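Heads up: the structure comes next, in structure tokens.
Bear in mind the structure is a predicted one, so any value in this text is a computation, not a measurement. Computation of the quantities below employed the complete heavy-atom set of this structure, encompassing side-chain atoms and omitting hydrogens, waters and symmetry-equivalent molecules.
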Amino acid sequence: MLTETYLKKHFVDAYFIDNERQNIEILSTNEDKTKVFPTIIPFDENNDMFKSLTSIISVDELHENTYNKKKEERKLFEDQIKRIAEKEGLVKKIVEDVDSNFFKLMLNFLLSNKQEHVDRLFNFKIYIFEQDIVKNSKNESAKTAIRKSKTPLEALKNFITIWEESN
């Protein structure tokens with residue numbers, strides 16, 4: 001049984017473990033402080049262990065601990081999902097610095113007539129038209145030229161025309 005005296009020496013953390021906030025997990029150490037063990041108690045003001053706990057931390061602190069624990073669990077969960085997705089090749093790892101491979105791929109896309117690049121041309125044109133500079137442009141002939149572009153480089157060239165007019 002957790003007492004106030006024991007918790008003063010061995011308390012580690014406490015938080016709610018259910019959405020209804022009816023049960024609390026208390027983490028405390030053993031006598032020689034080499035191990036941490038959990039104890040689950042009800043959120044009941046008449047419960048002796050609850051009274052011992054609230055002599056160490058307030059109910060507000062208990063809610064704050066719960067919030068921080070859930071926030072940390074969420075971050076760990078998201079990090080794990082990212083690692084799994086990267087490992088499985090579902091997403092490419094994003095690096096802070098642009099490496100030379102990016103430039104190689106970009107020029108390969110812009111200058112190539114390979115079928116896979118022509119297939120991506122449609123998506124590239126959509127991306128160009130989503131840009132505010134193109135949406136707000138009055139140059140209908142340049143917009144038409146982007147739509148009719150046969151290569152990514154041609155589409156980019158016409159985008160640059162619009163961009164230069166706006167600057």
- request: Walk me through it: do Glu154 and Lys148 pass the test side-chain contact (heavy atoms from CB on, under 4.5 Å)?
  value: CA-CA 9 Å; Glu154 189 180 343; Lys148 292 182 177 181; 5.8 Å; no
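- If you chain together hydrophobic residues whose side chains sit under 4.5 Å apart, Phe77 and Ile84 never meet in one group.
- When all heavy atoms of Lys135 and Lys143 are compared, the closest pair comes out as O-NZ, 3.7 Å.
- For CZ of Phe37, the number of neighbouring non-hydrogen atoms (other residues, nucleotides, ligands) closer than 6.0 Å is greater than 12.
- Side chain of Asn23 to backbone of Pro42: no donor-acceptor contact under 3.5 angstrom is found.
- Side chains of His63 and Arg21 form a contact here, defined as non-hydrogen atoms less than 4.5 Å apart.
- Checked by atom type and distance alone, the side chain of Asn47 never pairs as donor or acceptor with a backbone atom of Phe43 at under 3.5 Å.
- Val59 and Tyr15 are not part of a single hydrophobic cluster, where members link through side-chain heavy atoms under 4.5 Å apart.
- Ile133 and Leu156 fall within the same hydrophobic cluster, defined by Ile, Leu, Val, Met, Phe, Trp and Tyr side-chain heavy atoms under 4.5 Å apart, directly or through other members.
- Put simply, Leu27 and Phe16 are part of two different groups of oily side chains (I, L, V, M, F, W, Y) that touch within less than 4.5 Å, one to the next.
- To the nearest 0.5 Å, the span separating CD on Glu140 from OG1 on Thr144 amounts to 6.5 Å.
- Listed by first then second residue, pairs satisfying side-chain hydrogen bond (donor to acceptor under 3.5 Å, both in side chains) with a partner in residues 33-42 read Asn30-Thr34, Asp32-Thr34, not counting sequence neighbours.
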Kindly list each side-chain donor-acceptor pair under 3.5 angstrom involving residues 50-57, sequence neighbours excluded, with atom names and distances?
unit_1, atom_1, unit_2, atom_2, d
Ser52, OG, Glu4, N, 3.3
Ser52, OG, Asp48, O, 3.1
Thr54, OG1, Phe50, O, 3.1
Thr54, OG1, Lys51, O, 3.1
Ser55, OG, Ser52, O, 2.5

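- The structure places CD1 of Ile26 at 7.0 Å from CE of Met49, a figure rounded to the nearest 0.5 Å.
- For Asn65 (side chain) and Ala14 (main-chain N/O), a donor-acceptor pair under 3.5 Å exists by modelled atom type.
- A distance-only check finds a donor-acceptor pair linking the side chain of Glu61 to the backbone of Ser58 [under 3.5 Å].
- Remark: the Thr66 side chain and the Asn68 side chain contain no N/O donor-acceptor pair separated by less than 3.5 Å.
- Between Lys70 and Glu73 there is a salt bridge, since at least one side-chain N of the basic residue sits less than 4.0 Å from a carboxylate O of the acidic one.
- Ala142 and Asn139 make their closest contact through N-OD1, 2.9 Å (heavy atoms, listed as atom of the first residue, atom of the second, distance).
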Can I get a per-line list of side-chain donor-acceptor pairs under 3.5 Å for residues 123-132, giving both atom names and the distance, sequence neighbours left out?
unit_1, atom_1, unit_2, atom_2, d
Lys125, NZ, Arg147, O, 2.8
Lys125, NZ, Ser149, O, 2.8
Gln131, NE2, Tyr127, O, 2.9

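- Proximity of Ile17 to Ile24: side-chain heavy atoms (C-beta onward) are nowhere separated by under 4.5 Å.
- Taken from CG in Asp79 to CZ in Arg83, the straight-line distance is 5.5 Å, to the nearest 0.5 Å.
- In the hydrophobic cluster analysis, where Ile, Leu, Val, Met, Phe, Trp and Tyr join through side-chain heavy atoms closer than 4.5 angstrom, Met106 is grouped together with Ile146.
- With rounding to the nearest 0.5 Å, the separation of CD1 in Ile41 from CE in Met1 is 10.0 Å.
- Residues Ser28 and Leu2 approach most closely at OG-CD2, 4.0 Å, considering heavy atoms.
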